Amino acid sequence: MKGREKELEFFLTGSLEKVFPDRRPKEWAEEEKLCILKGETPALQLVYYRKPGGRYPAPPRFRCDVKGFPATVRLREVELAPSAFPCFEQVDDNYLTTQPGLFPDILKPCPDGWFTPRAGQYRALWIDFPDTSQVPAGEYRVEITLTPETEGTRGNGQNWVLDESGRKALCVGRPLSLILKVSEETLPKQSLIHTEWFHADCVADYYHAEVFGEQHWKALEDQISLAAELGINMLLTPVFTPPLDTAVGGERTTVQLVDISEDEEGYHFDFGRLERWCSLCRKYGIEYLEMPHLFTQWGAEATPKILVRTNGGLKKRFGWHVPADSPAYREFLQEFLPALQKKLQELGYDREHVFFHISDEPSEEHLESYGRAKKMTEGLLDGWKVIDALSDHAFYEKGLVEHPVPSNDHIQPFADHDVPELWTYYCCAQGVEVPNRFFAMPSARNRIMGVLMYLYEIRGFLHWGYNFYNSGFSRKHIDPFYDTHADYSFPSGDSFLVYPGPDGEAWSSVRGQVQLEGLQDLRALQRLEKKIGRKRVLELIYEGQDGPFTFRNYPTDAEWLYRLRERMAAEL
């Protein structure tokens with residue numbers, strides 16, 4: 001809706017639009033409809049634009065008020081994040097751009113509702129309702145009103161007052177509105193196991209905090225809380241420093257929850273910090289724990305960094321200098337793993353809720369070394385779940401990995417062979433045809449994963465980058481507000497999902513919220529299946545489409561997702 005002098009423009013758009021400063025996003029029709037189940041987090045965006053060269057020397061602020069819906073509203077400014085490396089050379093047609101630039105991603109809290117339109121830029125306010133579980137079913141006309149600030153102070157210190165003509169010029173007319181339709185049905189509990197690798201060391205490094213000091217614990221809690229809100233229900237738990245994304249011979253900041261000592265009687269384990277970690281996980285509903293990999297990445301050639309206290313002080317007992325098949329490491333595992341497993345069960349995480357790893361992303365040339373590493377754990381992981389991200393079906397064929405996690409561009413052979421309880425993942429390498437969440441990709445390419453995981457009956461989803469604030473191979477630390485590509489290692493949007501805000505506060509991202517919408521689509525489809533059967537749900541999904549969908553062949557436009565939810569709402 002346009003101001004009278006067209007100096008200011010305000011309108012609504014969906015959560016799947018990425019609002020770039022230099023292009024006008026698609027405007028929602030008057031009273032667009034959003035259909036949700038109780039418990040979902042519906043979201044939309046208020047877009048605003050100020051024409052350059054306007055009559056006001058001081059940029060006018062506006063307050064956004066949202067009325068008409070019986071749930072608490074949350075407002076966040078969509079801030080721009082820089083990307084000097086938005087994609088690899090090989091791309092497809094489903095990118096918004098392949099050029100470096102500024103991308104809408106950071107969700108900065110705006111609790112008082114005040115924002116300032118910037119001259120010559122389209123910007124957005126993210127509006128959502130994080131708790132709709134108690135909202136009565138029905139249709140609600142949600143109204144968004146915008147009120148200009150009437151007085152303020154210029155940059156030179158002079159006060160100004162908005163006169164009557166100015167108020168009229170800034171008036172945006174009647175409220176903007178949409179229809180929010182809430183179903184009688186409640187979103188079911190998430191059955192998908194979802195992990196985004198949690199890098200506790202990066203949190204300490206960014207805030208320059210003492211590892212597991214109180215400042216670190218406060219920031220960890222905020223990031224764990226946000227993880228749970230975003231549908232992450234399994235957390236990588238650093239009982240020792242995870243051997244991930246580390247250059248050979250290098251090391252990451254030590255984050256070892258378990259204090260380990262050794263004397264003539266053997267190893268001794270203090271699980272005090274692990275107890276505190278598990279308490280936080282239980283507080284925020286983290287149902288599953290993921291243990292760090294027992295061997296190094298990309299080949300399982302060495303042991304992870306593990307510090308042990310002896311009479312001679314704290315020493316690096318294991319690491320790059322100790323080969324994976326070291327008898328000393330086997331002796332350590334024989335004492336450590338049973339003690340750890342017993343403690344985890346005491347803390348409420350039994351065999352069904354703990355996952356172990358051998359080594360991350362082994363390829364065909366690593367079959368032998370991976371097999372040797374797995375043999376080192378023989379008899380120590382019986383009855384416990386062991387998963388690993390990989391793309392070669394041979395590891396499953398040969399029985400080396402009972403629960404494989406193939407990437408979404410290599411999943412089809414695993415699906416064709418009916419691998420039970422199939423997981424999937426994507427990372428920087430999945431940039432052609434398949435869904436992903438890079439800055440440069442449309443949000444629909446992120447959200448469609450929910451529908452595809454329903455179709456494939458996926459049991460778990462893994463991603464490596466929840467809060468990786470390092471360069472590639474962890475050679476140095478980075479500022480994620482400035483370096484969004486891990487020092488040109490991965491396309492922007494791959495290495496982290498959340499931002500470290502001030503004072504340990506975790507900030508979400510457009511990608512995180514859109515991914516949550518995809519998880520809600522999955523849960524809504526599962527609820528609908530219980531009501532009308534899988535066959536009818538598939539008919540709704542494929543209505544007007546050439547099926548079946550795969551991870552390489554799926555609808556790419558946002559409108560298809562919105563219309564699917566309307567068809568689902570009609571069935572419910």
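These numbers come from a predicted model, not from an experiment.
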Colleague: Check the side chains of T556 and N94 for a donor-acceptor pair under 3.5 angstrom, ignoring hydrogens and angles.
Modeller: no
Colleague: Just verifying a value: how many Å separate L337 CG and F356 CZ, rounded to the nearest 0.5 Å?
Modeller: 6.0 Å
Colleague: Atom CD of E529 and atom CG of L540: how far apart are they, to the nearest 0.5 Å?
Modeller: 12.0 Å
Colleague: Have a look at E185 and tell me which of K530, K531, K38, R523 forms a salt bridge (charged side-chain N to carboxylate O under 4.0 Å, His left out) with it.
Modeller: K531
Colleague: Would a distance-only check, ignoring hydrogens and angles, find a side-chain to backbone donor-acceptor pair under 3.5 Å from T484 to S492?
Modeller: no
Colleague: Sub-3.5 Å donor-acceptor pair from the side chain of Q45 to the main-chain atoms of G14, do we have one?
Modeller: yes
Colleague: Can any side-chain N or O of T246 pair as donor or acceptor with the backbone N or O of P243 at less than 3.5 Å?
Modeller: no
Colleague: Would you say W197 and E290 are linked by a side-chain donor-acceptor pair, where the criterion is simply a distance under 3.5 Å?
Modeller: yes
Colleague: Is R282 close enough and on-axis enough to Y349, meaning under 6.0 Å and within 45°, for cation-pi?
Modeller: no
Colleague: Within a radius of less than 6.0 Å around CD of E402, do more than 12 heavy atoms belonging to other residues, nucleotides or ligands occur?
Modeller: no
Colleague: Test R317 against I306 for side-chain contact (heavy atoms from CB on, under 4.5 Å), laying out the working first.
Modeller: CA-CA 6 Å; R317 175 59 56 84; I306 298 176; 5.6 Å; no
Colleague: Starting from the C-alpha separation in whole Å, work towards a yes-or-no answer on salt bridge (charged side-chain N to carboxylate O under 4.0 Å, His left out) for E378 and K375.
Modeller: CA-CA 5 Å; E378 196 169 28; K375 192 169 184 179; 5.3 Å; no
Colleague: Could you go through M441 and N446, starting from their C-alpha distance and side-chain angles, then the distance that decides it, and tell me whether this counts as side-chain contact (heavy atoms from CB on, under 4.5 Å)?
Modeller: CA-CA 8 Å; M441 291 177 173; N446 178 353; over 6 Å; no
Colleague: With a 3.5 Å distance limit and no angle check, can you tell me whether R273 reaches the backbone of Q256 through a side-chain donor-acceptor pair?
Modeller: yes
Colleague: Is a donor on one side and an acceptor on the other found under 3.5 Å between the side chain of D483 and the backbone of H477?
Modeller: no
Colleague: So, taking the atom named CG in L294 and the one named CE in M376, what distance separates them when rounded to the nearest 0.5 Å?
Modeller: 10.0 Å
Colleague: Before we go on, tell me: are the rings of F295 and Y329 under 6.0 Å apart, centre to centre?
Modeller: yes
Colleague: Using ring centroids (six-membered ring only for Trp), state whether H463 and Y426 fall under 6.0 Å.
Modeller: yes
Colleague: For residues A506 and D222, report the shortest heavy-atom separation together with the two atoms involved.
Modeller: N-OD2, 2.7 Å
Colleague: Classify the ring geometry between F461 and H194 as parallel (under 30°), tilted (30 to 60°) or perpendicular (over 60°).
Modeller: tilted
Colleague: Under a 3.5 Å threshold, yes or no: a donor from one side chain and an acceptor from the other, between Q430 and N436?
Modeller: no
Colleague: Would you please indicate if the ring centroids of H199 and Y466 are separated by under 6.0 Å?
Modeller: no
Colleague: Under a 4.0 Å N-O cut-off, is there an ion pair linking R563 with E566?
Modeller: yes
Colleague: Verify the ring-centre separation between F549 and Y542: is it less than 6.0 angstrom?
Modeller: yes
Colleague: Before accepting this row, confirm whether a basic side-chain N of the pair R567/E571 lies closer than 4.0 Å to the acidic partner's carboxylate O.
Modeller: no
Colleague: Can you measure from OG1 (T241) to NZ (K305) and round to the nearest 0.5 angstrom?
Modeller: 4.5 Å
Colleague: Could you check whether atom CZ of F473 has more than 12 heavy atoms from other residues, nucleotides or ligands sitting under 6.0 Å from it?
Modeller: no
Colleague: Whether the side chain of Y95 engages the backbone of G431 through a donor-acceptor N/O pair (distance < 3.5 Å, no angle test) should be reported.
Modeller: yes
Colleague: For a quick check under 3.5 Å, do Y456 and Q412 share a side-chain donor-acceptor pair by atom type?
Modeller: yes
Colleague: When you measure from the side chain of R552 to the backbone N and O of D409, does any donor-acceptor pair fall under 3.5 Å?
Modeller: yes
Colleague: Quick one: does F103's side chain get under 4.5 Å of V510's, heavy atoms only?
Modeller: no
Colleague: In Å and rounded to the nearest 0.5 Å, what is the CD1 to CG distance from I286 to L235?
Modeller: 5.5 Å
Colleague: Report the relative orientation of the aromatic rings in F240 and F336; use parallel for angles under 30°, tilted for 30 to 60°, perpendicular for over 60°.
Modeller: tilted
Colleague: Side chains of L307 and T254, heavy atoms from C-beta outward: is any pair under 4.5 Å?
Modeller: yes
Colleague: Take a 6.0 Å sphere around CG of D546 and say whether it holds more than 12 heavy atoms from other residues, nucleotides or ligands.
Modeller: no
Colleague: Quick one, Y554 and V451 - any side-chain contact, counting heavy atoms below 4.5 Å?
Modeller: no
Colleague: Between Q297 and L244 (side chain of the first, backbone of the second, donor and acceptor by atom type, cut-off under 3.5 Å), is there such a pair?
Modeller: no
Colleague: Listed by chain and number, what are the side chain to side chain donor-acceptor pair (under 3.5 Å) partners of S508, not counting sequence neighbours?
Modeller: Q513
Colleague: A side-chain contact here means heavy atoms from C-beta on lying under 4.5 Å apart; do L528 and L572 qualify?
Modeller: yes
Colleague: Just verifying a value: how many Å separate D325 CG and T303 OG1, rounded to the nearest 0.5 Å?
Modeller: 10.0 Å
Colleague: Run the numbers on V432 and F88 for side-chain contact (heavy atoms from CB on, under 4.5 Å), then give the verdict.
Modeller: CA-CA 10 Å; V432 178; F88 289 125; over 6 Å; no
Colleague: Check E196 with R437, please: is the shortest side-chain N to carboxylate O separation under 4.0 Å?
Modeller: yes
Colleague: Got a donor-acceptor contact below 3.5 angstrom from the D487 side chain to the I478 backbone?
Modeller: no
Colleague: Can you tell if the side chain of F85 reaches within under 4.5 Å of the side chain of S489, non-hydrogen atoms only?
Modeller: no
Colleague: Between D557 and W560, is there a donor-acceptor pair closer than 3.5 Å when you use the side chain of the first and the backbone of the second?
Modeller: yes
Colleague: Is a donor from one side chain sitting under 3.5 angstrom from an acceptor on the other, for S407 and H410?
Modeller: yes
Colleague: Side chains of L522 and I458: closer than 4.5 Å at any heavy-atom pair?
Modeller: no
Colleague: Could I get the full list of side chain to side chain donor-acceptor pair (under 3.5 Å) partners for W277, not counting sequence neighbours?
Modeller: T237
Colleague: With a 4.0 Å cut-off on N to O distance, would you call D92 and R445 a salt bridge?
Modeller: yes
Colleague: Any carboxylate oxygen within less than 4.0 angstrom of a Lys/Arg side-chain nitrogen, looking at R565 and E517?
Modeller: no
Colleague: Just checking, any donor-acceptor pair under 3.5 angstrom between side chains of E229 and Y284?
Modeller: no
Colleague: Using the six-membered ring wherever Trp is involved, compare the ring planes of F318 and F332 and label them parallel, tilted or perpendicular (cut-offs 30° and 60°).
Modeller: tilted
Colleague: Does the ring centre of W464 sit less than 6.0 Å away from the ring centre of F490?
Modeller: yes
Colleague: Looking only at side chains, do Y206 and N467 share a donor and an acceptor under 3.5 Å apart?
Modeller: no
Colleague: In terms of side-chain heavy atoms, does D105 have a donor or acceptor partner in Y499 at a distance below 3.5 Å?
Modeller: yes
Colleague: As a quick check of understanding, evaluate side-chain contact (heavy atoms from CB on, under 4.5 Å) for F468 and D494, giving each step before the final call.
Modeller: CA-CA 9 Å; F468 184 74; D494 182 51; over 6 Å; no
Colleague: Mind checking whether S15 and W126 have side chains closer than 4.5 Å, heavy atoms only?
Modeller: yes
